[in-house]
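Input: a single structure, listed below in structure tokens.
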Amino acid sequence: MKNRSLVSINDYSKEEMLHILELAKAFEANPRQKILKDFVIASLFFEPSTRTRLSFESAINQLGGRVIGFSDSSSSSTSKGESLRDTIQTVSLYSDLIVMRHPLEGSARFASEIAPVPIINAGDGANQHPTQCLLDMYSIMKTQGTLDNLDIAFVGDLKFGRTVHSLVIALSLFKNTNFHLVSPVELKLPSSIKKFIVDAGLKYHQYTDIQEVINKVDILYMTRIQRERFSDAMEYERVKNSYVLKADMLSNTKEKLKILHPLPRVNEITEDVDSNKKAYYFQQAKNGVFVREALLASILGVI
Ligand code: CP
């Protein structure tokens, strides 16, 4: 993986994904090692972020590296009309690796084709979020002990949810994954992503009612309805409250169920769920540091 960009989760083989999860486990046991002290990493966020940006920056700091960049592109020369090409070419002169989030689908691939340094895609529009995918896989492995033979429900905005797209593609590589796709009709998982399931010989089932699946799954992956991706505000208003998970809905769920959510949440999980032992979304966010340490160390070739 040394010097290779990570743009889409399918840039990695199953073995490479599992290798990152193994490394993440080692970083969780020993997260503070000064192995990146000779490196400068650029963090370019053209779209808002809390977890992805700060967990990357925490990972870099804990490994002794230096971070440059911006969290708001209005403070960069993008606001003066500079192209993404020129920004990436320039930042490559100042850094050894670029972590980038951008609202345009395909922007990370474009950046990776012109940059002389590796690019890590921290989310490109509604397309992909591969580092979130790896931390989701790590969280599933940690809580279920396996990535095989799992029933997983994805709930909410499956059309625009880039974390869902990446995770469905990755889990299609594992044995007997049974996909339960719960969404409003307008926000179904795109056919281009369902094709990965079908091509792998696996099954998916589509629902509009969360009650049809909640008691039979091992992982309940809740997502936010993504207001910022809607061109029609009325359409968003119509679907925004489609799914609200409350603590009393968990009483007949599997003992080993874990609730994941890439966060941020709006109203799709009420706060009374947070204290339930099946809620795992804040630990999931914490796992992001270890997985991102593993990725940085691996791509920069220090382990
Ligand atoms: N999960 C995730 O991408 O969160 P942020 O938007 O806060 O980075």
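Order of listing sets the numbers, starting from 1, for every ligand and every atom in it.
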Would you indicate which of T52, T223, T163 comes nearest to atom 2 (C) of ligand 1 when only heavy atoms are counted? T52
Could you tell me, atom by atom, which parts of ligand 1 come under 4.0 Å of a heavy atom of P262? 1 (N), 2 (C)
T50 heavy atoms, cut-off 4.0 Å: which ligand 1 atoms fall inside? 5 (P), 7 (O), 8 (O)
Axial cation check for F45 ring with R101, 6.0 Å and 45° limits: no
Sub-3.5 Å donor-acceptor pair from the side chain of S298 to the main-chain atoms of L295, do we have one? no
For Q132, take its heavy atoms, then give the atoms of ligand 1 lying under 4.0 Å from any of them. 1 (N), 2 (C)
Plane angle bin for H102 and F46 - parallel if under 30°, tilted between 30 and 60°, otherwise perpendicular: tilted
Have a look at I259 and tell me which of L245, I219, I214, N276 forms a side-chain contact (heavy atoms from CB on, under 4.5 Å) with it. L245
With a distance cut-off below 6.0 Å to the six-membered ring centre and an angular limit of 45° from the axis, does K14 pair with F174 as a cation-pi contact? yes
So is R101 close enough to ligand 1, meaning a heavy atom under 4.0 angstrom away? yes
Test of proximity, L263 against ligand 1: N or O pairs below 3.5 Å: yes
